[in-house]
Enquirer: 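This is the structure I have questions about; it appears just below.
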There are 2 protein chains.
Amino acid sequence: MRPSQSQKSIRPSYHHGDLRQTLLRSAKQLIAEAGIENLSLRRLAERAGVSRTAPYHHFSDKNDLLCAIAAEGFRRRHQTAAAEFDNKAKSMLEKFHVYMNSYVQFAVDNPEEYELMFGRSIWKQQNSTEELRAVAYPCFQHQVDMIRCWQSCGVISGDNALRSAQVIWGALHGIAKLFIDGIYTDTAKIEEVTQCAIDMFIAKTI
Amino acid sequence: MRPSQSQKSIRPSYHHGDLRQTLLRSAKQLIAEAGIENLSLRRLAERAGVSRTAPYHHFSDKNDLLCAIAAEGFRRRHQTAAAEFDNKAKSMLEKFHVYMNSYVQFAVDNPEEYELMFGRSIWKQQNSTEELRAVAYPCFQHQVDMIRCWQSCGVISGDNALRSAQVIWGALHGIAKLFIDGIYTDTAKIEEVTQCAIDMFIAKTI
DNA sequence: GATGCATTTTGACACTGTCAAGATGTATTG
DNA sequence: CAATACATCTTGACAGTGTCAAAATGCATC
């Protein structure tokens, strides 16, 4: 039996301690600082105090590492979204408000991570990891389920649940991206834009 | 006087003939073939039959070249959008249909070019060229103007024109991107999703 | 024909991701 | 405890990238 330091990782590293987690942590930090396009495995290794190729024993690829970070993002987002939706103290309409604002806010607060999670680099071609898909698809599905739910209880109008869900998610994604990428520049009006989207989507009580 | 081959360019190059245009053409082709991330100035130069650094006398940067391509895309898109909106044979409602479908279709038909035009690489930081901004901003503005117009004539509901425009454009952008980036995978349903967006945005006649 | 300038090339530098081969430490087995 | 197996890390190397400096080339004009 090894002296168990295995609190945060099933199988801690031998030489470094826990290189995998260290790399993930540094990577997230470096991305937040300098953007995805400035993340290099070599700089990452340097920060962790190991040689350039050490990361390759924990991630098969640069893409593999990116997928791992994105997966973590999906887990986090899924958790908060689920918690917000399960809040029994709020009405369905209120929770729709919360969901819409929370989505855009998450994206704007973590622009680089959001870019990574929904960017082409990960999803195009066959780049997505098994692990990533296993985490992301339920997250997608949950979004669709929630919207379907709002629709069936009359908060949202329309008769085709899936299509409406795709449109609303599209709107959230588009608004978030236009702000993140610097095309919508008036970031002080993020909530106003989101509020306008809410107004346009909720069912009009005649 | 040189044997004038200067039909398509104001100032043809001396040695190559018209390297600038050749580079732009090859770049667009190469992007369409292999995606933006696989575009390199060196390969571009090789294709044009010049040395690696020749492009630097026509574009200050790789970014400069990308901006030039994007600018061309904006010009093209602006032209067709304007033509469709100025079509006097169609009603305002019909033209709203056309606009929505045309937007998404343009994006899906030219995914790499769309990615370039609205991607972060060009707009983040100070990357956008003077020329690009000079072409893109009127294109943005025209979209807002059109939507404002549809709103004032009752096709779209709502009382804040700018916000509604931002939401609708956001929805178009988001839907397009989710399809392009491979998150919405059922590409056969693009028109259905767009149609659903239209239904959700047009004013309900009670 | 000589000069000036636009254009292109060659050489070089600092990066990048990634592979192959060797070195080092840990765990397990005899 | 000694020996073997294996995970981990390092060194060296290769091909590729964007970009700069300096030299070479060709065209136009004086």
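Throughout, a chain's letter reflects where its sequence line sits, starting with A, and its residues are numbered from 1. The shown structure was predicted, so the numbers you read here are calculated from the model rather than taken from an experiment.
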Enquirer: Answer yes or no: is there a donor N or O on one side and an acceptor on the other, between the side chain of Thr185(B) and the main chain of Gly182(B), under 3.5 Å?
Expert: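 Between the backbone of Gly182(B) and the side chain of Thr185(B) there is no qualifying donor-acceptor contact (under 3.5 Å).
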
Enquirer: In terms of the nearest nucleotide of DNA chain C, which residue is placed more toward the 5' end: His57(B) or Asp61(A)?
Expert: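 It is His57(B) whose nearest nucleotide is closer to the 5' end.
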
Enquirer: If you look at every strand shown and take non-hydrogen atoms under 4.0 Å, does Ser40(B) touch a base, only sugar-phosphate, or nothing?
Expert: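 The answer is sugar-phosphate, as Ser40(B) gets under 4.0 Å only of primed atoms, P, OP1 or OP2.
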
Enquirer: What's the CG-C1' distance between Asn127(B) and dG18(D), to the nearest Å?
Expert: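 That distance rounds to 14 Å.
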
Enquirer: Could you check how far CG of Leu23(A) sits from C1' of dT8(D), rounded to whole Å?
Expert: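 Between C1' of dT8(D) and CG of Leu23(A): 13 Å.
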
Enquirer: To the nearest Å, give me how far apart CD (Glu37(B)) and C1' (dG18(D)) are.
Expert: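 Result: 17 Å.
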
Enquirer: Choose from dT19(D), dC9(D), dT16(C) the nucleotide whose nearest atom is closest to any side-chain atom of Lys62(B).
Expert: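 From the listed options, dT19(D) comes nearest.
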
Enquirer: Does atom CD of Glu37(B) have more than 12 heavy-atom neighbours from other groups under 6.0 Å away?
Expert: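 Correct, the count exceeds 12.
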
Enquirer: For residues 39-52 of chain B, dump all side-chain donor-acceptor pairs below 3.5 Å to protein atoms at least two apart in sequence or in another chain.
Expert:
| unit_1 | atom_1 | unit_2 | atom_2 | d |
| --- | --- | --- | --- | --- |
| Ser40(B) | OG | Arg43(B) | N | 3.0 |
| Arg43(B) | NH2 | Asn38(B) | O | 3.3 |
| Arg47(B) | NH2 | Glu33(B) | OE1 | 3.1 |

Enquirer: Just to verify, what does Gln79(B) make a side chain to side chain contact (heavy atoms under 4.5 Å, CB included) with, not counting sequence neighbours?
Expert: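 Scan of Gln79(B) (side chain to side chain contact (heavy atoms under 4.5 Å, CB included), adjacent residues dropped) gives none.
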
Enquirer: Does any N or O donor sit under 3.5 Å from an N or O acceptor when you compare the side chain of Thr53(B) with the base of dT8(C)?
Expert: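 In this structure, the two groups form no donor-acceptor pair.
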
Enquirer: Should we say atom CD of Glu191(B) is surrounded by more than 12 heavy atoms from elsewhere, each under 6.0 Å from it?
Expert: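 Incorrect, the count does not exceed 12.
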
Enquirer: Find the distance Asp18(A):CG to dT8(D):P and express it as a whole number of Å.
Expert: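 Checked: the CG to P distance equals 10 Å.
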
Enquirer: Suppose we call a contact any N or O donor and acceptor under 3.5 Å apart; does that hold for the side chain of Arg42(A) and the base of dG17(C)?
Expert: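 By the distance-only test, yes, there is a pair.
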
Enquirer: Both Asn38(B) and Gly49(A) contact DNA chain D. Which one's nearest nucleotide lies toward the 5' end?
Expert: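 The answer here is Gly49(A).
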
Enquirer: Atom CG of Leu30(A) and atom P of dT16(C): how far apart are they, to the nearest Å?
Expert: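 Atom-to-atom, Leu30(A) to dT16(C), this comes out as 11 Å.
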
Enquirer: Does dA6(C) have OP1 or OP2 under 4.0 Å away from a side-chain N or O of His58(B)?
Expert: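 No.
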
Enquirer: Quick one: Asn63(B) CG to dG18(D) C1', roughly how many Å, whole number?
Expert: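 It works out to 12 Å between those atoms.
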
Enquirer: Could you give the CG-to-C1' distance, from Leu66(A) to dT18(C), as a whole number of Å?
Expert: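 Checked: the CG to C1' distance equals 15 Å.
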
